[in-house]
Amino acid sequence: MSFLRWISRLLFGILALVCIALGVYFAVDNPESITPRFAGYPLFAGSVGFWLIGFLLIGALLGFLASLLPYWTERHRVKALERQLLRTERELHTVRRQVAGD
């Protein structure tokens, strides 16, 4: 199992390096300068490659954060169910003591 984990990490690392190399090549190959407008406001001038890679990274970060929302809601739900289980176990223990005491 350790060997498979090592191979998968190696392949992921190689894939990450290839993506970075392609991004750098894309940025160097598109040196034209543009000034994009966002919500009606002009942003600073930069190359086409810089802006595309920058917005790609921002989109990936926002997508990652959006994917965490279900995790947080399920985590909250699990905590609430654990508290409910603890209360129910305490109540069961109390009832068993009362029945044993009779």
Side-chain angles (χ1 to χ4, degrees):
M1 188 70 166
S2 177
F3 179 71
L4 290 177
R5 185 176 297 146
W6 182 81
I7 291 291
S8 67
R9 286 183 181 175
L10 178 67
L11 290 176
F12 181 73
I14 291 171
L15 179 65
L17 288 175
V18 167
C19 288
I20 290 170
L22 286 174
V24 169
Y25 174 74
F26 183 79
V28 170
D29 200 36
N30 291 293
E32 296 86 16
S33 182
I34 61 169
T35 305
R37 297 179 64 85
F38 184 72
Y41 297 101
L43 303 174
F44 63 91
S47 70
V48 173
F50 167 79
W51 282 111
L52 286 176
I53 291 171
F55 279 113
L56 174 70
L57 292 175
I58 290 170
L61 179 65
L62 290 175
F64 174 73
L65 291 175
S67 72
L68 288 178
L69 291 175
Y71 169 76
W72 286 332
T73 57
E74 286 300 314
R75 186 174 170 196
H76 178 70
R77 184 171 174 252
V78 166
K79 296 279 186 188
L81 288 172
E82 286 175 347
R83 286 191 302 269
Q84 181 182 0
L85 177 62
L86 186 60
R87 283 192 305 267
T88 305
E89 286 176 346
R90 280 193 217 134
E91 182 180 338
L92 178 62
H93 183 67
T94 303
V95 169
R96 283 184 177 165
R97 279 194 323 214
Q98 289 174 354
V99 169
D102 288 341

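Count residues from 1 along the sequence. This structure is a prediction, so every number in the text was calculated from the model and none was measured.
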Engineer: Say you draw a straight line from NE2 of His76 to OG1 of Thr73; how long is it, rounded to the nearest 0.5 Å?
Structural biologist: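 Rounded to the nearest 0.5 Å, the NE2-OG1 separation comes to 9.0 Å.
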Engineer: Rounded to the nearest 0.5 Å, how far does CD of Glu89 lie from CD of Gln84?
Structural biologist: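 CD of Glu89 is found 11.0 Å from CD of Gln84.
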Engineer: Name all pairs fulfilling the salt bridge (Lys or Arg N to Asp or Glu O under 4.0 Å) condition that reach into residues 57-83, sequence neighbours left out, sorted by first residue then second.
Structural biologist: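 Pairs touching residues 57-83 that pass the test: Glu74-Arg77.
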Engineer: Do Leu56 and Leu22 share a hydrophobic cluster, counting only Ile, Leu, Val, Met, Phe, Trp and Tyr and linking them when any side-chain heavy atoms are less than 4.5 Å apart?
Structural biologist: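 The answer is no; the residues belong to distinct hydrophobic clusters.
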Engineer: Answer with yes or no whether the hydrophobic clustering places Val24 together with Ile53; edges join I, L, V, M, F, W, Y residues whose side-chain heavy atoms lie under 4.5 Å apart.
Structural biologist: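 Per the 4.5 Å side-chain linkage, Val24 and Ile53 are not co-clustered.
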Engineer: How long is the straight-line distance from CZ of Phe26 back to SG of Cys19, given to the nearest 0.5 Å?
Structural biologist: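 The distance works out to 13.5 Å.
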Engineer: Write down the atom of Trp51, the atom of Phe44, and the distance for their closest heavy-atom approach.
Structural biologist: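 The answer is CZ2-O, 2.9 Å.
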Engineer: Looking only at non-hydrogen atoms, find the nearest pair between Leu43 and Thr35 and report the distance.
Structural biologist: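 Leu43 and Thr35 have their closest heavy atoms at O-CG2, 2.8 Å.
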Engineer: Going only through I, L, V, M, F, W and Y residues with side-chain contacts under 4.5 Å, is there a path from Trp6 to Leu15?
Structural biologist: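 Different clusters.
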Engineer: Could you give the distance from CZ (Phe50) to CD1 (Ile34), rounded to the nearest 0.5 Å?
Structural biologist: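 It comes to 10.0 Å.
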Engineer: Is the closest side-chain heavy-atom distance between Leu61 and Leu57 below 4.5 Å?
Structural biologist: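 Leu61 vs Leu57: side chains apart.
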Engineer: For residues Ile7 and Ile14: do they belong to one hydrophobic cluster (side chain heavy atoms under 4.5 Å, members Ile, Leu, Val, Met, Phe, Trp, Tyr)?
Structural biologist: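 Yes.
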Engineer: Check whether Leu92 and Val99 end up in the same hydrophobic cluster, where Ile, Leu, Val, Met, Phe, Trp and Tyr are linked by side-chain heavy atoms less than 4.5 Å apart.
Structural biologist: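 Looking at the clustering, Val99 is in a separate group from Leu92.
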Engineer: What are the two closest non-hydrogen atoms of Ala66 and Pro70, and how far apart are they?
Structural biologist: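 The answer is O-CD, 3.6 Å.
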